[in-house]
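Here is the structure we will look at, set down as structure tokens.
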Amino acid sequence: MIIGRVVGEVWASRRHAGLDGVKLLIVQPHLWYCPPFEVAHIVAVDTLGAGVGEDVIVCLGEPARRALTTKMGEAELSRLFSSPPGYQSAAWLPVDAAVLGIVDQVQLASVESSASGTHRPLRFVGPTPAWGVDAVASFGQSATQAAESVAP
Amino acid sequence: MKRGVVVGELWVTKQAPGLLGKSLKLIAQPAQQVSDGDAASRTLNELAESQLVVAVDTLDARNGQTVLLAYGSGARNVVVADGSSNRFELCDAAVAVLVDGDSSGALDCEIAPQVVMLTAQELSR
């Protein structure tokens with residue numbers, strides 16, 4: 001799985017029968033993610049109703065197809081697997097990325113503060129930090145300084 | 001399997017049913033260590049090419065701990081360890097090993113604090 005932010009939605013009127021009625025989200029992965037194909041965005045199917053601006057967990061590969069079908073009821077499944085002839089299971093769906101969860105909170109490891117020597121827990125809530133934007137900014141600055149201090 | 005460092009934990013309430021009750025950890029995967037250069041430049045190189053993944057954790061890894069991640073069907077085998085069918089598990093990465101140490105030191109990872117700082121910056125954008 002990877003973590004990313006939903007930045008948009010795809011509309012498509014003509015699509016594969018296996019993707020009928022499925023919402024497609026554009027997800028921008030957080031931090032350094034380098035897929036084997038070089039793209040800045042991933043299009044993932046939505047099973048949870050994620051909206052633009054939310055941080056989500058995106059699953060890649062086979063489990064993504066499973067995620068799409070486990071959401072469906074019997075009727076939907078039979079319709080899905082009867083309309084394109086030969087499609088008998090989720091393994092045939094043209095899907096390789098699915099949203100599995102909407103992130104409420106990321107609790108990062110404590111970082112040892114060089115000044116006081118104490119541990120400072122970091123908490124971020126939702127897409128934008130609900131507490132102290134200033135604190136985040138100053139923290140980011142100290143991180144930059146730390147990076148400069150270890151540079152040769 | 002690939003090595004990684006645990007940098008945090010994810011709290012997710014709205015999730016696919018298959019993920020219920022599973023502990024999700026945020027894990028940074030530093031690039032392969034380059035042998036030349038001093039420790040500081042090596043650290044920066046690693047940071048520049050690290051990747052961030054979300055993995056299912058059944059072993060209770062601590063923050064900052066070096067772990068080995070299994071991917072694909074290997075990850076599903078970690079989550080369902082009793083040998084029963086796991087084709088419907090919604091999991092593509094899982095913590096398989098908690099590393100105590102290794103003889104060559106190649107798996108040592110002391111960059112966790114810097115990775116955490118960069119992650120904090122990225123997530124707060």
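Computed over heavy atoms, backbone and side chain alike; hydrogens, waters and symmetry mates excluded. In what follows, chains carry the letters A, B, and so on, assigned in the order in which the sequence lines appear, proteins first and then strands, with residues in each chain numbered from 1.
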Quiz item: V78(B) and M1(B): same hydrophobic cluster, using ILVMFWY side-chain contacts below 4.5 Å?
Solution: no
Exercise. Any chance you could lay out the side chain to side chain contact (heavy atoms under 4.5 Å, CB included) test for E9(B) and Q105(A), step after step, and finish with the verdict?
Key: CA-CA 8 Å; E9(B) 196 171 343; Q105(A) 186 175 346; over 6 Å; no
Quiz item: Given V12(B), which of L48(A), I57(A), V56(A), V106(A) fulfils the side-chain contact (heavy atoms from CB on, under 4.5 Å) condition?
Solution: I57(A)
Exercise. Measure L10(B) against the heavy atoms of chain A and call it side chain, backbone, both or neither at under 4.5 Å.
Key: both
Self-check item: E89(B) backbone acceptor or donor facing R66(A) side chain under 3.5 Å
Solution: no
Quiz item: Are V53(B) and M1(A) close enough that some pair of their side-chain heavy atoms sits under 4.5 Å apart?
Solution: no
Quiz item: Which residue out of V56(B), I27(B), T13(B), L26(B) racks up the most heavy-atom pairs below 4.5 Å with chain A?
Solution: T13(B)
Self-check item: Part of R76(B) within contact of chain A (heavy atom distance under 4.5 Å)
Solution: side chain
Practice problem: Heavy atoms only: give me the nearest D92(B)-P63(A) pair and the separation to one decimal. | Solution: CB-CG, 4.0 Å
Quiz item: Can you check side chain to side chain contact (heavy atoms under 4.5 Å, CB included) on L100(A) and Q15(B), steps first, answer last?
Solution: CA-CA 6 Å; L100(A) 281 198; Q15(B) 58 189 340; over 6 Å; no
Quiz item: Does NZ in K2(B) sit with more than 12 non-hydrogen atoms of other residues, nucleotides or ligands closer than 6.0 Å?
Solution: no
Exercise. To the nearest 0.5 angstrom, please state how far the CG atom of L52(B) sits from the CD1 atom of I3(A).
Key: 7.0 Å
Quiz prompt | Non-hydrogen atoms of I2(A) and V54(B) that approach each other most closely | solution = C-CG2, 3.8 Å
